Amino acid sequence: MHVPDGIVPAWVAITGYAAAGGTTWFSLDRIKRKYENPREMIPTASLLTAVFFVASLIHIPMPPTSVHLVLSGLMGVVLGWYAFPAILIGLFFQAVMFQHGGLTTLGLNACIMGLPALLAFGIFRLRYLRGGDKPGPSMIFGFLAGFSGLVLGALMSSLILILTIPANLDVSVERAAILSLLVAHIPLALLEGVFTALVVLFMLRVKPGLLEAELK
Amino acid sequence: MTYILMAEGLSFGYSGQPNVLEDINIQITETEKVGVIGPNGAGKTTLFLLICGVLKPGVGTLEAFGDRVRHGVFQPETGMVFQHTDDQLICSSVREDISFGLQNMGLDDREINNRVTEVSGITGIKDLLDRPPHYLSSGEQRLVAISGILAMKPRLLILDEPTSDLDIRYRRRMIQLIEGMKEQTLLIASHDLEFIIETCDRVLLLDDGGIQADGEVVETMSDRNLMEGHGLEVPHSLTSTYHRHRGA
Amino acid sequence: MIIEDIASVPAGNPLYRWEPRTKLIGIMCLAFAFAAVRDLRLLPVMLALSLFLFVLSSLPFSYLLGRMRIPGIFLLAMAVVLPFFSGNTVLVQLGPVSLKQEGCVSLLLIAVKFLCIVTIAVVLFASTPLTRMLGSMRSLGLPPLLGDMMLFTYRYIFQLAADFHRASTAACLRGARMRSLKSLKTTAYIVGSLMVRSHERAERVFHAMTLRGYGRQDMDFYKAKIRPPDVIAGSACVLAAAGFVLFQLLMP
């Protein structure tokens, strides 16, 4: 799902940075409004960011290949408004340490992962309309958050790649390519959904506070 | 005679680094209680991870229960309780955590339930079964971690620093618990030398990657030159005995 | 995956001594200028510039190669697709598949751009210890909240990676097969446990920090003096970047 350097035109990369900057600003603004002392939550948000960073390195075999968890959805569920800055930071470290992602495409990749995280955050909040913190609805909405987080991310990255690659592909080929990329991501989305639901269930039993309002 | 654990010329080093363990020879028979002492970084945990098959020995043979220890293969006969309970307690309730290994062994639900009841009776944590392990006191967490391993009925039980986070009361409970383990073979690493004196009948001194001493507990640990030569001290209870004897 | 807060480039190296703020601005401008390249004539210049920076850094070639491995997979996928599906001008017909000129050109463009940007990014990050990098980003206007989060995250990444590793080892010893789909629940539990414990730990960390005065002032960050050579190097990069853009605007 990460767009590497050199593939998309410069204007797309710059737009990505602008969009990521705007979303970060908006998130930070939300955080500042919520807390009298926004710094209070920094250690929590940072440690959780580090957990996500580590978790995203886990490889899970899915024949014929192995995949790593993206966790946008789960980040939205747990981190709320901190999710976008957290993703930006995580991607920065990935680019620095493993050259995973890219330098010029950092903003773009942050949007590809971060906007779905915010969507997942919203979806997970919907559980309050359906029974709130009971295990059933929490798991269902957790699944939906993880699932749709990945699908939206895959959709965004496929669109960006196919539409901006300097290739004279015709429209039908493009459409087919995007569709097949999306379909290829469905098993991954199911995996993310199940994983998110499992973590949500765990949290609900062990520390329900982390799913509620603490970071949101 | 088959040994529960047998190492011959065992060496190990993490890749690209000098050997942590060099030419280790150990023979341990059934139901022996063996303490492993040595300064920080002597290789105690590394030795344990080798015995459990987590790490692969560089040179030498390592056999448990008469068979070569296979790398990366689940062997419920060898159980290890980690130094930090945080590493081990991952499930959302104590009951689930104790069942974790049992489920992986493929036991049926009734057997799992029986074992959980049995082991939580032995360790005295019956009233904690439905609580998340994350919020227990460190003494309670230690007992839960041991229960999770004991339930798998290991023949060889390895305890890595079992008293490092215990108060006097839980430390005493730990000693009593170990005294009750008549059938298991035990390997206990600890800096709490008094604890080793109370629970073990044999001690290995590990330092500089090798076994520097292997013998009866009181005899070995009373050797001031040996102990101080490896960054340890003669346990107080042994020195006072020593002084009394000299005075008499 | 343990990486310490030291640069891989030796401390005496000119790139290491280059002040981080001017270095960051200079290299970022270059990277974007590289990304904007559409003219094939610029490729040799780009390669030469990247090679110059790389040689100057005195990094071993194997280091760069190691860093290329992960993103390289993506490039490989492109190499399989682009030459055959993109464009109309057929170069070679190989049975049912045809090699197309436009596809080959775009692949060449993408590959060289990728190679050059990754190289200068590697040079940038390998010659700047991360805490200095974060400090300089802050003095360039990174919001303090983000800066603090970055420092903290970095501080705990390695510890948490080790925690995760030990927890999965412990789970394996109790029979979990961490490398199978069945382990998803175990992985979820370990991740959940890490989160719960991190949360508690963060509360303690915060208390310990406030006791030492955190929040009263901006955290101390690295401030190096900008000297004339730093400005020259930075401006040279910016000028080169501008040159790339102007060349493509002015030359047909």
Side-chain angles (χ1 to χ4, degrees), chain A residues 4-11 13-14 24 28 31 37-40 42-51 53-55 57-62 78 85-86 88-90 92-93 95-104 165-169 173 191 194-195 198-199 202-203 206-207 210, chain C residues 3 28 31-32 34-36 67-68 70-71 74-75 78 82 85-88 102-103 106 109-110 113-114 116-118 121-122 125 130 143 145-146 148-150 152-154 156-157 160-161 164 179-181 184-185 187-189 191-192 194-196 198-199 201-203 205-206 209 214-215:
Chain A
D5 281 313
I7 287 183
V8 292
W11 68 268
I14 291 171
T24 307
L28 292 181
I31 291 166
N37 178 9
R39 287 205 151 128
E40 199 180 320
I42 286 181
T44 309
S46 317
L47 258 94
L48 292 175
T49 306
V51 173
F53 183 91
V54 170
L57 301 175
I58 304 167
H59 279 257
I60 293 179
M62 191 179 252
V78 177
L88 190 63
I89 291 170
F92 174 77
F93 285 132
V96 172
M97 291 176 188
F98 319 113
Q99 251 62 48
H100 196 26
L103 182 64
T104 56
I165 279 172
N168 321 326
L169 300 173
V173 173
L191 192 75
V194 172
F195 189 80
L198 284 169
V199 176
F202 178 89
M203 291 293 191
V206 177
K207 194 174 178 72
L210 251 170
Chain C
I3 299 170
M28 279 304 271
F32 273 104
F34 286 2
R67 291 313 182 91
M68 293 256 178
I70 296 176
F74 201 90
L75 194 70
M78 287 296 207
L82 273 181
F85 291 99
S86 174
N88 306 312
E102 290 87 343
S106 26
L109 210 57
I110 285 177
K113 279 158 73 170
F114 165 83
C116 292
I117 298 175
V118 173
V122 165
F125 291 128
L130 206 75
L145 205 71
L146 214 56
D148 285 5
M149 264 181 85
M150 288 179 105
F152 274 116
T153 306
Y154 184 67
Y156 284 104
I157 281 177
L160 282 164
F164 180 85
R179 295 222 175 99
S180 79
L181 211 53
L184 203 63
K185 188 172 158 196
T187 310
Y189 276 13
V191 170
L194 282 184
M195 278 201 242
V196 170
S198 297
H199 191 267
R201 183 189 213 160
E203 278 167 13
V205 170
F206 183 70
M209 280 168 33
Y214 174 70

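Values below: every heavy atom of this structure, side chains too, minus hydrogens, waters and symmetry copies. It should be emphasised that the depicted structure is a prediction, and the values quoted were computed from it without experimental measurement.
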Closest non-hydrogen atom pair between [X] and [Y], with its separation:
X        : Y        : value
C:Met195 : A:Val51  : CG-CG1, 3.8 Å
C:Val191 : A:Ile58  : CG2-CD1, 4.2 Å
A:Val96  : C:Leu130 : CG1-CD1, 3.6 Å
C:Ala202 : A:Leu47  : CB-CD1, 4.2 Å
A:Ile89  : C:Leu146 : CD1-O, 4.0 Å

**Message:** Please rank C:Val122, C:Val118, C:Val205 by heavy-atom pairs under 4.5 Å with chain A and give me the top one.
**Reply:**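 The residue among C:Val122, C:Val118, C:Val205 with the greatest pair count is C:Val122.
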**Leading residue by heavy atom contact count with chain A [cutoff under 4.5 Å; candidates C:Phe114, C:Phe164, C:Phe32]** =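 Ranked by heavy-atom pairs under 4.5 Å with chain A, first place is C:Phe32.
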**Request:** Look at the rings of A:Phe202 and C:Tyr189 and say which category their plane angle falls in: under 30° parallel, 30 to 60° tilted, over 60° perpendicular.
**Result:**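 The arrangement is tilted - the two ring planes meet at 30° to 60°.
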**Asked** With only heavy atoms counted, which part of C:Met68 is less than 4.5 Å from chain A, the side chain, the backbone, both or neither?
**Response**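 No part of C:Met68 comes within 4.5 Å of chain A.
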Segment of [X] engaging chain C (4.5 angstrom heavy-atom cut-off):
X        : answer
A:Val206 : side chain
A:Pro4   : side chain
A:Leu88  : side chain

**Message:** What's the separation between atom CD1 in C:Ile117 and atom OG1 in A:Thr104, rounded to the nearest 0.5 Å?
**Reply:**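 Between C:Ile117 CD1 and A:Thr104 OG1, I get 4.5 Å after rounding to 0.5 Å.
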**Request:** Kindly compute the distance separating OG1 (A:Thr44) from CZ (C:Phe152), expressed to the nearest 0.5 Å.
**Result:**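 A:Thr44 atom OG1 to C:Phe152 atom CZ measures 10.0 Å (nearest 0.5 Å).
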**Prompt:** So, the side chain of C:Arg67 versus the backbone of A:Met97: is there a donor-acceptor pair under 3.5 Å, distance only?
**Reply:**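 A pair under 3.5 Å: yes.
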**Request:** Quick one: which of A:Gly101, A:Pro43, A:Ala13 has the most heavy-atom pairs under 4.5 Å with chain C, could you say?
**Result:**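 Most heavy-atom pairs within the cutoff with chain C belong to A:Pro43.
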**Prompt:** Is the shortest heavy-atom distance from the side chain of C:Tyr156 to the side chain of A:Ser46 under 4.5 Å?
**Reply:**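 Side chain of C:Tyr156 against side chain of A:Ser46, heavy atoms only: no contact under 4.5 Å found.
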